[in-house]
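Okay, structure first, notes after.
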Amino acid sequence: MKTKLKIYVLLGVILPLFIGCNSELDDLKPHDVLTTEALTSTVKGLQQLTTTSYSMMYLPLSVGDIGKTGLTDVVFNIGETKGNTVTFPQEFDVVDGSVANTQDAFYYVNSATNTDGLSNSAWELSYELIVNTNTVLEAIEKRSDVATNATVKELKGTNLFLRAWSYFNLVRIFGRPYWDNPDTNLGVPLKLTNNPNDMPQRATVKECYDQIIADFKAAAELLPETAAPNRTLANRYAALGLLSRVYLYMGGSFSAPNAASNQLAVDAATSVINWAGASPLPDLDEATFNQEPTANKEFLWAYAMTNIANSSWSNVGFNFYPYFGMGGEIGLSDEFLANIDQENDKRFLLYVGENENGITTTLKYSGEWGLKKSGWGFYTINPEPLIRVGEVYLNRAEAYVKLGKNTEALADLNAIRVRSGLTALTGISGQALFNAIFEERARELVCEGQNGFDFFRNNLTMTRKYASYLPGNDITSISPTDNRVIMPIPIREVNLAQLKQNPGY
Amino acid sequence: MKKTINNTLHYLLFIPHILFTRNIKVYLLMAFIFSGQLLFNDVYGQNIETKVSYELKNQSLEAGLNKLGKVSNLRISFVLSQVEKYNNITIEKGTRSIKEILNSLLSNTNLTYAIKDKSILIIAKASKSTQTNNTSVPVKPKTVEGRIIDADDRPVAFVNVTVNGKNKGAITDADGNFTLDNLVPEDVLNISYIGYEKREIPVGNNAFISIVLNEKSTALSEVIVTGYSTKKASEITGSAQQISGDVLRAGITTTDGLSALKGLVTGVYIVNSNPNPATYATSQVRGQSTLLGGTDPLTGNFAPHLLQNGPLIVVDGVISNFANIAQVASMSDIESITVLRDAASTAIYGSKAGAGVIVVTTKKGKKGETKVSVETQLGFSTPYVLKDKFMTTDQWHDYTKQSVRYAYKYGEGATTLQKKYATEELYIQNRLAGLYSNFDLTQNYDWTNQSLQNGVTKGINATISGGNESTTWYFGVNSVGVDGSEPQDKYNRNSIRAKLDHKLTKFLVVGGNFSTIFENATFNTQRYQNLGINYQPFNNPYNADGTIKTSLLSWTGPGRPVATKLLANPLFDGQYNDRKNKSNNFSGSLYGKVTFAPGLTFTSTNTWGVYNNTQNTILDRRTIQGNNPLYTPNNGMLTVEFNNVYSYLTSNVLNYKHLFNDVHSLNLIGGQEWGYKTIHPNYIIRTDVLEGERDLSATSSSMNNGQLVSPVGITREKANFSLFAQADYNYNSRYLLSASWRNDATSNFSRNSRYHSFYSVSAGWMVSQEKFWKSLKDIVPTLKLRASTGIAGKDAGADFLNYSLYKKPGSSTDYLGTEIGQGYYATQIANTDLTWEITKILSYGLDISLLKNDRITLSFDGYRNNCVNLIQQTSVSSLKGVDMQYTNAAYLRNRGLELSLATKNIDGKDFKWQSHFTISHNKNNIISTVLPSDEKGYILSMGGYLRVDDDINTVRAIKYVGIDAQTGKPLFEKVNEDGSITQVNSVTEAGESYQIIGSSTPTVYGGFTNNFTYKNLELSVVATYSFGAITTNSFIAQYDGTTYTTQNLLAPQWLTYWKNPGDNAYLPSPRIDNPYGTYMLSTSSLNYQSADNVKIANIRLAYSFPKTLLGKLKMDGIKLYVSVDNVYTFTSSHYMGVDPEQGSYQGNGSGQGVTGGSTSMFSSGVLGAPRQYVTGLLFNF
């Protein structure tokens, strides 16, 4: 009997040890990281996540992205290298052999392999940013204080704004131009939640634009009405300025314009131009990129560089960086140099110069102010303009000319010309005026990631007269119907999300 | 907490529960202890006064005795032939003392009983005459009966019992009984049996003799520690190999037990070729069983770059936090090391055992006289370095000129160049202008030979142990200091271990095991071994007046401004910069063992561990490393890292051992473990540091090169809960069965997938114990077959992979200077399905010994391990929000064969020669993996690819054929779509023509040890080998891509290059116009070379002083020895370094060593582990 008793006592002692273990293990939580719930339950946390979206624009943060370039860089790169204003000088010291021609956006997928090209980066980084904004927006939906809490209201506006900006980038990189059957041509998947299992297929180009417009409009309502105190954050007039560009992209070609969209572009642009924060049109000397961006009246929204941003070598400035071997792969094309009045155009003096290797390139991103501020002594942190007043004038000019309002168009064009030290044009209209506006755009917005889109959204064939470093050097003319006008959907996304590939790839 | 218990020892024993478990448990445990004392105090033992309930109805004496044995829990032994004649005994039901019952049972017989050890022996009553046998009256011859049992009370059959000097003998029956007649008291019985120690027993007055035979310590009779239990080798059903501490210590002189194991055990691939004395060996049991990455055992980081696939280390039954033996036990404290390789042995460790288990047992005190052992070691080491093989200044200059000349004469732009420059020499002068204006080419400094040093090794070990009937104790002190081959490399290790076991009462033993290890290491901040490659010979570190230059210029290549790159002068910087690494490892176990009844015990082991590691790295402001004037001035940089790990593990095991009917042996184990660990890694970088200052508070800036550096500090918690059970059964040591089960839960995974069960089933057949084997017994004394199957696992992954997690970016600049900074970004998205990595194991083997005295012992093992659910960080669609996620994706298979052969070649009286040979083969296959489409070349750890059917370490590269003697261009194989092969001149043209050229893990490896003894002199030679692996050739890599050079290279007599048409050279011409494409050679087979090697790891000559001398000195032994380590490494003739294993993965387990991490894949092999000469003196008294 005693033996049995001993065993009972023993079991009685041991068994309680086995109970409740699950909850003890559940009690352990990660310390140095936060869970989604923890982060989205506070306004501070939502602010943090929103800041993350800004950070993602220049610094890829996700696990698989280490070493990749930042999102704004990618977008600028694609927009620019598909255009006709820059070139890849091959005058590098042969010993280094870093041939940049693979960055040309027409070089298949603009990288040596089809898995890590710029198109891939644009896709990945954009969707990471989009899902991040969705996380914040979903959390805000659950709150009841959007109307009453100014911070929450602004956060909602900011996230809608950033989401619209990202979708706009995606649809112009991966979707056919708007004049080309937007109801049937495919844009990109419209992912509007943060649920990992929500895996939408590609929406049509039109659906994408509808979403972009809805988001920008809502953002414009929510974002601060007062003069943007900080032109490096999302704000109402940045949303309107970008809307003018979005509508312009929908406005068709000069020969087949869409009046409704062009009128909307004009309206959006006008509300910016009439805004006290942007009028009168800032003088070019004042509006240089080479100063603190937060209060620069030229900028509606610019991406501000901080030291860290530039030190990652993942930004636009890097491509135009004046020192050999550390960027500086991109020079200005002969066509651009022929298109600009090198004597009188102040923009030539301000923005164009030679880098260390004798390559003519832009100085937009490498002025002395930024040089000093970076603290590095050898490269600078000038801001990246995402929408600025000069562009809005040109947006309106183009929309006007497509609406047949030649006088208004000419006035806007001349505003930009005159502030650049050029003479005002007179007596032109129609196609000639459109051409003048188009050329002005190339001069004004050079190296801001626009030229590549400008040709094809206008259904124009781009002819490159300078040597191209494409395989075989044979491509000099790109028709707007060419498959290569838009980028391939990244192979991994085609495989992992079963997305339809763009034709020709 | 109410202090209701007064008994201090009990209190101490259960402190863990007081501290770490819920109060309810504590009270219950207290109650248990308290009541336990009351209940069991007077029960256990052979107290025959104990009263039991007993009844016998007309039964035989045999039945009566058996019944008494059962009710009393006592062993009653008798000789059947003596007992079986008594029948029809009746004893009324009632409670009586055992003594009374025995007296009643034996009342009408000529038998009586005796109490011996734990048994009651039923014996014949002694006759009057024998009781007076010390008189001179001649005694009558008598009959003697006896029984022979082994140390575990099991009868031993077929034992030969002879009588000295008489032609007389008997053999024991199945129950171990024998009978001999016509004996006189002066007769001496001689008992001998294969595998057991001989015994001689005088007959004396005994009519019944019980003899215990002790097994001889042969390979199969050795007691092997298998974790929660110990077994005799003959009873092992799994694959386990034990090496005694003495054997380990007779090999290379090291502080790392794992390094010492190399070559001695099968199935374990061990590498330690690191010249730094503070780095530990790395090991892999039976092939790679997990994919890239694992959990750093110290920081808890899931570290994809860390190939943490080494085995689990268990010390004295306690699961350790470390991947290295050096961090848990000193060499001099090691009693034995057991390597568990298959499911039968490892599954009991469940989730942690997927990659094998190494069980370290430390020494403990023994009853008897106090033993003291002191060992002193003194030695020195010389660098084992690749000497005199690098280019001189002239050779380097010729090479560089050749690269320019080629462009001028044969390059694509030759015609243009020839127009521009009239002569070749003009062009050379132009291209190399920077070289001529900045460097003095008359200088010729030999960086390899002049930057390394001889080291000193000092060591003292002392152990004191002893004990009496109730207490045993052990103290070990160990102190070692080693200087490495590279300047500043120093390692210092001090440790203390104390063990105490005390028998508190008859049923309760308590004990403690305390260990502290202090390690101090200094590392240089530059790899001196690579200076011969990285610095050109004309870059003399000394000024003309003999003073050291404060900095050097770097040759950055033709056409480049030389001065834009300032090079640290290692000789100057080395005076001020180093990294000091201090770690303290404290571990304390308290345990209690309660014996409830014979064979039934409960053991609670409670262990606390504290590990503190501090690294202090200074880059002094006077040095280029600390203050490069070309960048934003740092004015010195101080990096301080702290890493603290606190752990607690309670392990509670119930064990029941019983032998039924003398032949059925059963051993049951049930237990539970709860482990908890907190980990605190922290680090801070500060700049603006005064000269020589190493304290954080003496610094002033957190800006490094203009970037803000923020401190990093993390707390991590991890907990595990486990239940386990094991059952071992054997029938007469002939048929062996074993099964184990374990259920683990870990905080790594989500609630739903947190639990997993691991199990094993195994069986063994001791063929040589069969009756039919009797005739073969002389030729094949032992033959055992065994097989096992089961699963073990790996709680790979950490950091709560089941949560979606957000983290602050490591660098912490503000966006626009707001207080928010860069926000939080998603580091992972939840995968709640994520679960354990599983290794499914099938293993079989046989053990055989041949000839008398086990002249040849052989163990053979084969296995197939299917490693499934391996965690891989796989690509997911970006639509999910991140593009990578951890999933259970991959499946690997390891198959292999292992052989261990020990022979006594010569076994003479004075001269003995013993050999031990081991060979292991492992074949790995990727069965499935995510992303098979990424089919680039290179090996996995270099960021390459995984492809189904390949070995995990397969190297695919573009095949290099040689050079075109006419053009000086390289030739590569391009595989066309139809499978045909054409030769092309560049890797770019070859495209994706990657072909398998080998694997970076060997196909066979092992060791060959020989021991020669002549009288008191011993000579041992340890050799290890490994064949079939390839390794990177970093000398070739220096020629890579940019084919002029900014570094130094192997001299052309070792590595020829093309100069003129018709030259038959190994390498193409260097070309300044580099047309071969970047990474020309690193993607080609040229970059790999055979890693085959045979190492004479150790030669040792020892002399033991003769006993006669020792008697006078009152000592037990004095041994003097001379030992040489890393004597020589024979390599393939194609190998260019000194030690191919340098190119294998090596780390120090914590991944923080100089060569830690996979970057050592690129280790050049310039410098191997140093050749070490040590003399030692060992005293035992």
Side-chain angles (χ1 to χ4, degrees), chain A residues 2-3 5-6 9-10 12-14 16-18 21-22 24-26 28 30-36 39 47-52 54-55 59 61-65 93-95 97 123-124 127-128 131-132 189 191 194 196 199 230 232 294 304 306-308 311 375-377 492-493 496-497, chain B residues 24-25 28-29 32 35 39-40 43 557-559 596-597 602 632 652 672 706-707 714-717 719 721 723 745 747 751 754 799-800 803-807 809 811 813-816 820-829 875-884 1042 1044 1072-1074 1078:
Chain A
K2 268 189 173 177
T3 314
L5 183 64
K6 281 178 243 169
V9 170
L10 185 66
V13 171
I14 299 294
L17 294 174
F18 301 159
C21 129
N22 224 340
E24 283 186 39
L25 292 176
D26 277 345
L28 300 180
H31 288 280
D32 58 324
V33 285
L34 285 175
T35 58
T36 319
L39 204 52
Q47 277 178 315
Q48 295 277 10
L49 281 176
T50 306
T51 310
T52 305
Y54 281 119
S55 300
L59 187 70
L61 293 172
S62 186
V63 268
D65 297 334
D93 189 326
V94 281
V95 294
W123 183 281
E124 283 180 8
Y127 274 105
E128 279 159 23
V131 173
N132 198 49
K191 164 111 176 178
N194 81 336
M199 300 282 286
N230 190 338
T232 52
T294 44
T306 61
N307 341 356
I308 285 295
S311 72
W376 271 80
R492 58 191 292 280
E493 294 294 332
L496 293 167
Chain B
I24 182 73
K25 290 178 206 162
L28 280 166
L29 273 162
F32 160 57
S35 57
L39 282 169
F40 311 133
V43 170
F596 297 106
F602 171 73
T632 309
N652 301 292
Q672 164 266 338
Q707 288 187 55
I714 299 166
T715 302
R716 290 207 168 92
E717 289 178 289
F721 182 87
L723 291 176
S747 56
R751 196 174 242 275
R754 175 178 295 160
D799 290 358
F800 305 88
Y803 283 89
S804 282
L805 295 179
Y806 290 83
K807 204 169 188 169
S811 57
T813 284
D814 297 349
Y815 175 69
L816 304 177
I820 294 171
Q822 286 179 323
Y824 280 72
Y825 69 102
T827 54
Q828 71 184 29
I829 50 173
S875 280
V876 292
S877 165
S878 304
L879 297 179
K880 288 183 184 290
V882 299
D883 54 5
M884 303 288 263
T1042 51
Y1044 69 91
I1072 199 172
D1073 54 347
N1074 179 37
T1078 13

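Order of the sequence lines fixes the chain letters, A, B, ..., with proteins taken first and strands second; residue numbering starts at 1 for each chain.
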Has the side chain of A:Glu493 got a donor or acceptor atom that lies under 3.5 Å from a matching backbone atom of B:Ser878?
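Answer holds: yes.
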
Please report the closest heavy-atom contact between A:Lys191 and B:Lys880, naming both atoms and the distance.
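Nearest pair, atom of A:Lys191 first, then B:Lys880: NZ-CA, 4.3 Å.
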
Please find the pair of heavy atoms, one from B:Leu879 and one from A:Ala497, that lie closest to each other, and give the distance.
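Taking B:Leu879 first and A:Ala497 second, the nearest heavy atoms are CD1-CB, 4.2 Å.
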
